[in-house]
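Input: a single structure, listed below in structure tokens.
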Amino acid sequence: MTSLSKNTSLKKKSIKAMVWSGADIFSRQGLQFVISVVLARILGPGEYGTIALLYIFVELAGVFGDSGLSASLVQRQDLTHSDESTVFWFHVMSGLFLSILLSLTAPWIASFYENPILIPLMRVMALAFFISTIGNIHHVLLTKRLDFKRPMKVSVSAGFMSGITAIVLAFQGYGVWALAAQSLIFSIVTTSLLWALSGWRPRFVFKWSTIKRLFAYGGYLMLANLLMVTYNRIYTLYIGKVYSVIELGLYSRADNTKQIPLDMLSKMYERVAFPIFSQAAEDKHKLLRGVQYALKGIMLIAMPIMAGLMVSAEEVIMILFGEKWMSVVPILEILCLAGLFWPLQILNMNIQKALGHSRLLFRTEVFKKVIGISFILVALPYGIIGIAWSQVCYGVMGFLVNAYFTGRFLGYGIGKQILDLLPILLVTIVMTFSVYLFGYYSILDPLLLLTAKICLGASVFLATSLLFRLKVLKDIQSFLVAKQLPST
């Protein structure tokens, strides 16, 4: 195959993958959002705080169980069916071991938090975790092939069935058990449908040589992910122990609300960017063009959304979740600032992964998380507001560190990325101040005010972008119409 035909094929796969990945994530996240709104109006911060106490343990088990092998499967292009089967059996065995370990440590966890209900809750979560490991490799292989159509069907079906189950249980007064049942049903349906739709079946083969070969790359990613989960969830240990599950529930609600639009954007780019960047890694010029386009494209959406959510937090919380959640507002406003930097970190980290620098990525994550944990420790005496501000500091630091290495590998470092983002930032600032001033002097009720803010923000952003002739708009139009990346 010629270089031109390879490039054309990659572009077509990129566009198709973006469409289906976007449909998958938007439909799944949209469904989860609707279900979370309904559940939040039935349940309170206490129930969400109780289940949040267990997330760090389940997520750490997930990282250990995968051991970075999923990323290795995507990154390596020369693997056989025997290699894939080996990874499958490794996931099943490690998942079984870790789920038993979680069940056995449940009494200790409950004793630490002085909350006996955590014992049966942890065991239900451990079962859900094990079931999910059985279908993990099916999802990974579909991602590697840039097939997001079938995962979309799976995630929507699982999200709907588990969400309806949780809502029914919540209405019947089961409280936190509704959330635990949601996780269990989601795992069962997801794994069942992945097996039914993917067509892939494991062979009865296991090769330690394959595990060692893949772990040489994935092991560093596993360690990096361990640090990431520890950092992202360490606040649950402190808040849950020193303060209360109610305050933990409030912080988790703010963080989850901020993360909804970010997940839709960053996950779509991450799921497509890593396979695409891996395939383009040998052509640094093509990779650079793709990175520049991805950076400007994702931030063109992320910046105004995060800024708009920040200046409309009060109306959003009141309308969606009700008055009992209003204490979330100041936390959400601060976390939206931190959220501005999350897509930038994801994009820059995927460049290191695609270029095969897993060891460097691990070292980078060690440095970032040590600094980040230091930020949290300093912020702990100031409560959940202080922890929120530590996330802003971490976001800035994380972007600077990851972008520095992108500069080393592609010549597209901190300064060049900021210059590319500066026009979008200026337009976003104009939009933000316009919406803030309008809301400050408005006497409308929350629903009308939020509607007006959204319309005003979108109008100002679009008008200002056209007035300043924002180049990224033309770049996106060129990509969609001509199906090629803009020239650098």
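In this text the structure is predicted, and so the values were computed from the model without any measurement.
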Check: [X] side chain, [Y] main-chain N or O, donor-acceptor pair, under 3.5 Å:
X	Y	result
T236	R233	yes
S162	G159	yes
K153	L193	no
S99	L96	yes
S192	V189	no
T133	G95	no
T190	S187	no

Roughly how far, to the nearest 0.5 Å, is [atom2] of [Y] from [atom1] of [X]?
X	Y	atom1	atom2	answer
D255	I384	CG	CD1	11.5 Å
K296	L421	NZ	CG	9.0 Å
L223	F64	CG	CZ	8.0 Å
I305	I260	CD1	CD1	12.0 Å
L60	N225	CG	CG	10.5 Å
L262	I301	CG	CD1	11.5 Å

Could you tell me whether the side chain of [Y] reaches within less than 4.5 Å of the side chain of [X], counting heavy atoms only?
X	Y	answer
P330	I385	yes
Y48	S252	no
F33	L320	yes
K258	M306	yes
L53	L248	yes
F367	I371	yes
I331	I387	no
S85	W200	yes

Testing the basics here: between [X] and [Y], what is the closest heavy-atom pair and its distance to 0.1 Å?
X	Y	result
N402	Q345	OD1-OE1, 3.7 Å
V427	S465	CG1-OG, 3.5 Å
E59	V229	CB-CG1, 3.6 Å
A61	L98	O-CD1, 3.2 Å
I51	M125	CD1-SD, 4.2 Å
P343	M299	CB-SD, 4.0 Å

Could you give me the CA-CA distance, side-chain angles and deciding distance for R203 and F88, then say whether side-chain contact (heavy atoms from CB on, under 4.5 Å) is met?
CA-CA 9 Å; R203 294 176 180 171; F88 168 81; over 6 Å; no
Going by distance alone, is a donor N or O of one side chain under 3.5 Å from an acceptor N or O of the other, for N348 and Q417?
yes
Atom CD of residue position E333 - does it have more than 12 heavy atoms of other residues, nucleotides or ligands inside 6.0 Å?
yes
Answer yes or no: does atom OH of Y55 have more than 12 heavy-atom neighbours from other residues, nucleotides or ligands under 6.0 Å?
yes
Go through it in stages, so that I can follow the logic: the residues are V460 and V435, the test is side-chain contact (heavy atoms from CB on, under 4.5 Å), and I'd like the CA-CA distance, side-chain angles, deciding distance and then a yes or no.
CA-CA 9 Å; V460 171; V435 173; over 6 Å; no
Can you classify the ring geometry of F399 versus F341 as parallel (below 30°), tilted (30 to 60°) or perpendicular (above 60°)?
tilted
Residues two or more places apart in sequence or in another chain: which of them pass side-chain hydrogen bond (donor to acceptor under 3.5 Å, both in side chains) with W195?
none
Among residues two or more places apart or on two chains, list those pairs meeting side chain to side chain donor-acceptor pair (under 3.5 Å) that have a residue in residues 420-436.
Y412-D420
Inter- and intrachain pairs under side chain to side chain donor-acceptor pair (under 3.5 Å), touching residues 380-394, at least two apart:
Y231-Q391, K369-Y394
Worked verdict on I414 versus T406 for side-chain contact (heavy atoms from CB on, under 4.5 Å)
CA-CA 8 Å; I414 298 170; T406 301; over 6 Å; no
Please test T464 against M431 for side-chain contact (heavy atoms from CB on, under 4.5 Å), starting from the C-alpha separation and ending with a verdict.
CA-CA 8 Å; T464 310; M431 179 208 77; over 6 Å; no
